[in-house]
Amino acid sequence: MAAPSMKERQVCWGARDDYWQCLEENAEDASRCQQLRKSFESSCPQQWIKYFDKRRDYLKFKEKFEAGQFQPSKSPANA
Amino acid sequence: MLLLARGPNAWPRLSQLKPQIFPRPLGSEILHQRALHSSGKGPAETGRQGLHGGPRLRTRLLITALFGAGLGGAWLAARAEKERQRQQRRAEALRQAAVGQGDFSLLDHHGQIRCKADFRGQWVLMYFGFTHCPDICPDELEKLVQVVQQLEAHPGPHPVQPIFITVDPARDDTAAMARYVRDFHPRLLGLTGSAEQVAQVSRSYRVYYSAGPKDADQDYIVDHSIAIYLLSPDGLFTDYYGRGRSAEQIVGSVRQHMAAFQSVLS
């Protein structure tokens, strides 16, 4: 399977950004972004979808962490 | 006399340090006596040396000074020689590293065999990645191209060669590399090779890579370290730039290296 061309990459990234934007605007409620999710999935290789989903989780965590809002869960052993 | 007027303390030190500068006749002994008298030594000692030991003391001081200067000179010469040898050894080590270290044998995207020596005389900007890379590799290659374009706007004596080396040789053959690199820059050279050749070049630049699990389409992501490497026109590893560095920062750093560059290969 050939790697996506630059054009295909840009289409995929555009669909990803639209979907992420929708999640942002709807407080992470994926059910309200189903149309954009479909378009995202049809524009990118399956492997990339998995990767971008994880990447968004990571970026969200990083954002929270850098804003100082991250609370590490307390270890049950110490509780 | 001005020197005498400067008080008793200035004299003894002067006369001890540089006895040879006093002309022998012209009353130097009187000056000397005064100096010794006022130097605060015991009256008996001073009197004897001052009256009769003047020339002898001067000779002894002169010999000591000459001897000292000789020793100092020898030490300086030895130090200079040691430094010269150290630099020679360093230049030799650099020459060997320039030729041997980080050498590779890979195929470019036209199918030609390329090794490090082929890029001698050029600044090489090198990035490791793979063509199925979702976002980071294209971003970094875009940045690499911006760097090259900014550097080319004010070209120096040595041209800049951008290189992309795959860490996914199983999928990235020369045709795949050719398709990929042409989207970025007309002179971006894609390099690939056998699994062993790629492992070897990655090891020598301390690049880690590991292919992830395959999905139903046999597609997979390769996790790998992200850095742009700078090689000097001698082929020596000179610097590297991580993801956090902007194109402008890299251009600034490369220009500094260019300005400081002196070839160790003659």
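Note: hydrogens, waters and symmetry copies are ignored here, and every other heavy atom, side chains too, is used. Within every chain, numbering begins at 1; the chains are lettered A, B, ... in the order of the sequence lines, protein sequences first and strands thereafter.
- The side chain to side chain contact (heavy atoms under 4.5 Å, CB included) test with F128(B) is passed by exactly one of V201(B), T166(B), I226(B), I163(B): V201(B).
- Heavy-atom pairs under 4.5 Å with chain A were tallied for A176(B), A216(B), P138(B); the largest tally goes to P138(B).
- Taking the six-membered ring for Trp, F164(B) and Y180(B) have ring centres closer than 6.0 Å.
- In terms of heavy-atom pairs under 4.5 Å with chain A, the best-connected choice from I221(B), T131(B), D172(B) is I221(B).
- Side chains of E81(B) and Q85(B): a donor-acceptor N/O pair is present below 3.5 angstrom, by distance only.
- Using bins of under 30°, 30° to 60° and over 60° for the plane-to-plane angle, the ring pair F261(B)/W123(B) lands in the perpendicular bin.
- Contact annotation for K7(A): neither backbone nor side-chain heavy atoms come within less than 4.5 Å of a heavy atom of chain B.
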